[in-house]
J.: 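Have a look at this one.
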Amino acid sequence: MIFGRAFEKIKQGLAKTRESFGKAIHAVLTIGRKLSIEDIDRIEELLLSADIGVEATSRLIEGLKRDYKDKKVEKPDQVLDYLKAELKRQLGAAPPGLTFAPSPPTVVMIAGVNGTGKTTSIAKLTRHFASRDRRVLLAASDTFRAAAIEQLAAWSQRLGVDIVHHRAGADPSAVAYDAVDAAVSRKADLLFVDTAGRLHTKVNLMKELTKIRTVIGKKLPGAPHETLLVLDATVGQNAIAQAKAFHEAAPLTGIVLAKMDGTARGGIVVAIHQTLGLPVKYLGVGEKAFVGALFAS
Ligand SMILES: Nc1nc2c(ncn2[C@@H]2O[C@H](COP(=O)(O)OP(=O)(O)O)[C@@H](O)[C@H]2O)c(=O)[nH]1
Ligand SMILES: [Mg+2]
């Protein structure tokens, strides 16, 4: 049931991909004509261009060829049904939503390259949980630019939740430390820790994330309970490389895939799930405030 709902949300998020993909499949297979082996090759190209990834694509194509030989799949609609069922089966196992700490606060660290949608995703998550009577606290650990702190502070005001911040250039770990302290003393249910996506070098960035994580864990054993990486769905396969680099610095527990509304290559959701073995916990489908925020739970 929950998985069914999660899949529905993923489907909504994939609307653009689905539309262009469905059209392409129908273009490959003229109605009425039977499927040929060349058509299957074309479909393989389509899957790759939707960024479903090499691994997932070859698995899908193998299955399709098998069903084609068995004469189970011969028409465009059957191809689409087969792909839908197969993708549903593959994505269905993703655990939906956040995993909460046994006792509050649940600390959620948000990482990702600059501009992927970290702060916007935190705002959406905050609104989602605050409107369900969870006490949310924000930590402005992206201290790299003053504007980043101001952006998060603006959201905290709009959403009526507290924020812990220091000045620009301050130690992000010190902010996280104070925020965990505040989350405990103010009995917050959830603490979202915003982090920088760009430092002077990538090595610095990864070191910083490791340090923030360590400091959080020292202050509150077991925390962070979630380390979510925000990826921009419009960058395609590059997102996988980003995820691998971050995963090494701060072991990730899941992915937030933002900007699904802006791409027809949403197959990346499958590729991420399969290559990284990480659940895609949330899909972002809107840049305006919260419109269309999709949650898998
Ligand atoms: N279309 C679309 N734009 C988004 C989404 N999430 C974030 N954005 C936009 O992406 C830009 C960068 O977002 P921001 O949250 O500041 O990224 P950060 O640097 O990772 O914190 C902003 O213009 C956002 O409005 C989304 O789901 N869909
Ligand atoms: Mg930001």
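Throughout, residue positions are numbered sequentially from 1 according to the sequence presented. First listed ligand is number 1; within each ligand, the first listed atom is number 1.
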J.: Counting from 1, what ligand 1 atoms have a heavy atom of Lys124 closer than 4.0 Å?
T.: 27 (O)
J.: Among Gly112, Gly117, Ala148, which one puts a heavy atom closest to atom 17 (O) of ligand 1?
T.: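 When every heavy atom of Gly112, Gly117, Ala148 is considered, Gly117 comes closest to atom 17 (O) of ligand 1.
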J.: Between Asp194 and Lys118, is there a side-chain N and carboxylate O pair less than 4.0 Å apart?
T.: no
J.: Work out which heavy atom in Val161 is nearest to a heavy atom in Ala130; give both atom names and the distance.
T.: CG1-CB, 4.3 Å
J.: Do the charged groups of Asp171 and Lys211 touch, with an N to O distance under 4.0 Å?
T.: yes
J.: So which atom in Leu138 and which in Leu191 form the shortest heavy-atom distance, rounded to 0.1 Å?
T.: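 Residues Leu138 and Leu191, closest heavy atoms: C-CD1, 4.1 Å.
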J.: Does CZ in Arg42 sit with more than 12 non-hydrogen atoms of other residues, nucleotides or ligands closer than 6.0 Å?
T.: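 No, the 6.0 Å shell around CZ holds no more than 12 heavy atoms from other groups.
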J.: Is any N or O atom of Lys259, backbone or side chain, closer than 3.5 Å to an N or O atom of ligand 1?
T.: yes
J.: When you compare ligand 1 with Gly115, is there at least one nitrogen or oxygen pair between them that comes in under 3.5 angstrom?
T.: yes
J.: Which of the numbered atoms in ligand 1 are below 4.0 angstrom from a heavy atom of Gly284?
T.: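 Near Gly284, the atoms of ligand 1 are 27 (O).
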J.: Using the rule side-chain contact (heavy atoms from CB on, under 4.5 Å), only one of Leu137, Leu98, Val107 pairs with Leu190; which is it?
T.: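 Considering Leu137, Leu98, Val107, a side-chain contact (heavy atoms from CB on, under 4.5 Å) with Leu190 is found only for Leu98.
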J.: Can Asp189 and Arg135 be counted as an ion pair, charged N to O under 4.0 angstrom?
T.: no
J.: Could you check whether any side-chain heavy atom of Lys187 comes within less than 4.5 Å of a side-chain heavy atom of Pro104, counting everything from C-beta outward?
T.: no
J.: Does the distance from a Lys or Arg side-chain N to an Asp or Glu carboxylate O, for Glu226 and Lys281, drop under 4.0 Å?
T.: yes
J.: Say whether Thr120, considering both its backbone and side-chain N or O atoms, lies within less than 3.5 Å of an N or O atom on ligand 1.
T.: yes
J.: Under the ring pair (Phe, Tyr, Trp, His ring centres under 6.0 Å) rule, what pairs show up with a residue in residues 99-119, not counting sequence neighbours?
T.: Phe100-Phe129
J.: Is Met260 in contact with ligand 1, taking contact as a heavy-atom separation below 4.0 Å?
T.: no
J.: Suppose the cut-off is 2.8 Å; which protein N/O/S atoms would you list for the Mg ion (ligand 2)?
T.: Thr119 OG1
J.: Please could you name the atoms of ligand 1 that Gln151 approaches to less than 4.0 Å, counting only its heavy atoms?
T.: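 Checking each atom against Gln151, I get 16 (O).
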J.: Please determine whether any non-hydrogen atom of Val230 lies less than 4.0 Å from an atom of ligand 1.
T.: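 Distance cut 4.0 Å: Val230 fails for ligand 1.
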